[in-house]
There are 2 protein chains.
Amino acid sequence: MTPPVARTRIQRKNIALISEAALNIFSAHGFRGATVDQIAREASLSKPNLLYYFPSKEAIHTHLLSTLMDTWLDPLRELQGTGDPLDEILTYVRRKLQMSRDHPRESRLFANEIVQGAPHILDLLSTDLKTLVDEKATIIEGWMAAGRLAPADPYHLIFSIWSLTQHYADFDVQVHAVLGPDRPDPFPQAEAYLTTLFTRMLAPSPQTPPTKAS
Amino acid sequence: MTPPVARTRIQRKNIALISEAALNIFSAHGFRGATVDQIAREASLSKPNLLYYFPSKEAIHTHLLSTLMDTWLDPLRELQGTGDPLDEILTYVRRKLQMSRDHPRESRLFANEIVQGAPHILDLLSTDLKTLVDEKATIIEGWMAAGRLAPADPYHLIFSIWSLTQHYADFDVQVHAVLGPDRPDPFPQAEAYLTTLFTRMLAPSPQTPPTKAS
DNA sequence: ATTCCTTTTGACCTTTTGGTCAAACCCACG
DNA sequence: CGTGGGTTTGACCAAAAGGTCAAAAGGAAT
């Protein structure tokens with residue numbers, strides 16, 4: 001009855017401590033590459049003490065992944081179909097890019113999991129995630145049908161936003177290696193580039209009036 | 001004196017066998033997640049026999065990565081600056097997407113390596129890869145300066161091609177989970193989408209004449 | 001067939017790793 | 001201040017994993 005719900009103050013503190021440490025280690029080495037000793041050292045706890053809060057290495061990993069999934073999909077949930085279509089898309093792109101800059105460890109944790117076949121969250125992907133994406137794809141399709149956005153496959157549009165933004169977190173070392181050691185922060189340029197990309201991709205052609213097409 | 005250069009027929013056969021098996025295992029589980037026993041079993045060899053051809057687990061991994069890097073960059077090398085700019089870019093995109101479809105294991109092996117900080121090939125990235133990208137970025141910049149391509153950051157353009165195409169191999173399970181079990185092959189749609197994306201992004205605005213600008 | 005080199009393997013070794021346990025420690029509350 | 005809960009740890013364990021070795025098996029050229 002100790003682990004998930006934090007009862008005492010000390011439990012809350014240590015569970016947060018362990019989560020932080022585990023995020024560092026898991027995101028840097030993957031699940032198999034991380035060791036419990038490493039995580040314990042990173043959290044400045046003894047290994048048995050760590051195992052007192054989480055029953056197993058896998059439990060820590062699962063805990064991280066499930067709390068992550070929530071915040072990870074927040075930007076997409078915000079796409080509500082109320083504002084200007086292009087603005088909403090661009091806002092989503094920018095928020096997603098911000099997450100890559102501000103939470104690269106989370107992005108890499110997720111990437112590690114997916115690349116290796118998503119063994120722990122496969123069902124989440126085909127249920128919760130699929131539902132959410134279906135919903136947003138419908139909104140986007142509506143915009144396109146109304147001529148407020150240039151036509152394109154909405155699912156692949158979403159995939160492209162994911163891949164482009166997460167690339168700057170997940171493949172961070174490659175980006176820096178190619179750009180050279182002198183350019184420390186590629187994000188401002190990335191944001192400008194992605195803004196241009198999706199604007200040119202999605203801006204509706206002028207001959208179609210914004211409302212009441214055909 | 002046994003491992004790298006295959007002398008006898010049997011050596012060639014077994015080294016190929018091991019490479020195949022190791023590619024399967026490494027790409028599915030990452031370096032730390034793969035075990036020598038697993039690879040040996042996959043190759044139908046005993047573990048000591050496998051270790052007879054490669055001195056260590058790491059040697060197999062290094063061998064795979066270095067042979068991979070070569071073929072992996074071939075599509076980019078083909079971008080030579082001789083043909084129509086947009087055609088050359090689109091050809092590159094399509095070839096890269098084909099590699100994701102035909103060689104997803106290689107893509108995932110590479111992704112695993114990069115996500116975890118590229119510990120084995122970091123120097124290759126900042127030397128060989130950087131040189132190649134610098135060269136191609138110059139070509140692309142030339143096209144843009146001549147008004148034959150809409151202006152954009154050439155480095156981020158290349159990054160975007162990498163991320164978009166490799167996404168379909170590396171995040172394959174996610175793509176399938178979101179699209180649903182009924183749609184088995186997302187590649188034709190992906191190709192159409194990416195063709196549209198880069199055409200809209202890069203097609204030069206008509207007011208600029210193709211040659212001798214300003 | 002003999003010989004020499006290559007190939008294969010069963011047995012074994014060491015280190016790493018995930019996890020356990022009983023005992024000690026701490027600390028608020030009565 | 002002492003007692004009962006929560007907390008911490010040193011010592012330990014078993015399994016997994018990377019790698020070694022000597023000896024057996026195979027195979028091609030003489």
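Chain letters run A, B, ... following the sequence lines, proteins first and then strands; every chain starts at 1. Values reported hereafter were calculated over all heavy atoms of this structure, with side chains retained and with hydrogens, waters and symmetry mates removed.
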Handout entry: Secondary-structure string, 5' to 3', Watson-Crick or G-U under 3.5 Å, | for another-strand partners, for DNA chain C
Key = ||||||||||||||||||||||||||||||
Handout entry: Partners meeting side-chain contact (heavy atoms from CB on, under 4.5 Å) with A:Glu58 (sequence neighbours left out)
Key =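 Expected list: A:Phe31, A:Ser56, A:Thr62, A:His120.
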Practice task
Please tell me which of B:Lys13 and B:Arg32 maps to the more 5' nucleotide of DNA chain C, matching each residue to the nucleotide holding its nearest heavy atom.
Solution key: B:Lys13
Length of the line joining [X]:[atom1] and [N]:[atom2], which is rounded to integer Å:
{"X": "A:Leu45", "N": "C:dC25", "atom1": "CG", "atom2": "C1'", "result": "16 Å"}
{"X": "B:Arg41", "N": "C:dT8", "atom1": "CZ", "atom2": "P", "result": "19 Å"}
{"X": "B:Ile25", "N": "D:dA17", "atom1": "CD1", "atom2": "P", "result": "12 Å"}
{"X": "B:Arg9", "N": "D:dG26", "atom1": "CZ", "atom2": "P", "result": "18 Å"}
{"X": "B:His61", "N": "D:dA17", "atom1": "NE2", "atom2": "P", "result": "17 Å"}
{"X": "A:Leu50", "N": "C:dT17", "atom1": "CG", "atom2": "P", "result": "15 Å"}
{"X": "B:Ile10", "N": "C:dT6", "atom1": "CD1", "atom2": "P", "result": "12 Å"}
{"X": "A:Leu17", "N": "D:dT8", "atom1": "CG", "atom2": "C1'", "result": "14 Å"}

Minimum-distance nucleotide (side-chain atoms of [X] versus [options]):
{"X": "B:Asn49", "options": "D:dG18, C:dT7, D:dT8", "answer": "C:dT7"}
{"X": "B:Pro48", "options": "D:dT9, C:dT9, D:dA17", "answer": "C:dT9"}
{"X": "B:Tyr53", "options": "C:dT7, D:dT8, C:dT17", "answer": "C:dT7"}
{"X": "A:Ser56", "options": "C:dT6, D:dT7, C:dG19", "answer": "C:dG19"}
{"X": "B:Tyr52", "options": "C:dT6, D:dG6, D:dG18", "answer": "C:dT6"}
{"X": "B:Leu51", "options": "D:dG6, D:dG18, D:dT20", "answer": "D:dT20"}

Problem - Sequence neighbours excluded - ring-ring contact (aromatic ring centres under 6.0 Å, His included) pairs with any residue from residues 79-105 of chain A - result: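 Counting only pairs at least two positions apart or across chains, no ring-ring contact (aromatic ring centres under 6.0 Å, His included) contact touches residues 79-105 of chain A.
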Handout entry: Donor-acceptor pair under 3.5 Å, B:Lys57 side chain vs D:dG19 base
Key = no
Problem - Counterpart residues, salt bridge (charged side-chain N to carboxylate O under 4.0 Å, His left out), relative to A:Asp128 (two or more places apart) - result: none
Exercise for the section: Using salt bridge (charged side-chain N to carboxylate O under 4.0 Å, His left out) as the criterion, list what pairs up with A:Arg32, not counting sequence neighbours. Expected result: none
Exercise for the section: For A:His156 and B:Tyr168, test the side chains for any donor-to-acceptor distance below 3.5 angstrom and give the result as yes or no. Expected result: yes
Exercise for the section: Would you please say whether a donor-acceptor pair under 3.5 Å links the side chains of A:Tyr193 and B:Asp153? Expected result: no
Output yes when at least one side-chain N/O atom of [X] is less than 4.0 Å from OP1 or OP2 of [N], else no.
{"X": "B:Thr8", "N": "C:dT7", "answer": "yes"}
{"X": "B:Gln11", "N": "C:dT6", "answer": "no"}
{"X": "A:Asn14", "N": "D:dG6", "answer": "no"}

Below 3.5 Å, can you tabulate the donor-acceptor pairs from side chains in residues 35-44 of chain B to any protein atom, sequence neighbours excluded?
{"residue": "B:Thr35", "atom": "OG1", "partner": "B:Gln38", "partner atom": "N", "Å": "3.0"}
{"residue": "B:Gln38", "atom": "OE1", "partner": "B:Thr35", "partner atom": "N", "Å": "3.1"}
{"residue": "B:Glu42", "atom": "OE2", "partner": "B:Asn24", "partner atom": "ND2", "Å": "3.1"}

Practice task
Please answer whether the main-chain N or O of A:Asp172 pairs with a side-chain N or O of A:His176 as donor and acceptor at a distance below 3.5 Å.
Solution key: yes
Exercise for the section: For B:Ala59, answer base if it contacts any base atom (sugar-phosphate contacts may also be present), sugar-phosphate if it contacts only those atoms, and nothing otherwise; contact means non-hydrogen atoms under 4.0 Å. Expected result: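 Answer is nothing: B:Ala59 stays at 4.0 Å or more from every strand.
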Practice task
Scan B:Ala34 against the nucleic acid and name what it touches under 4.0 Å (heavy atoms): base, sugar-phosphate only, or nothing.
Solution key: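 Contact class for B:Ala34: sugar-phosphate only.
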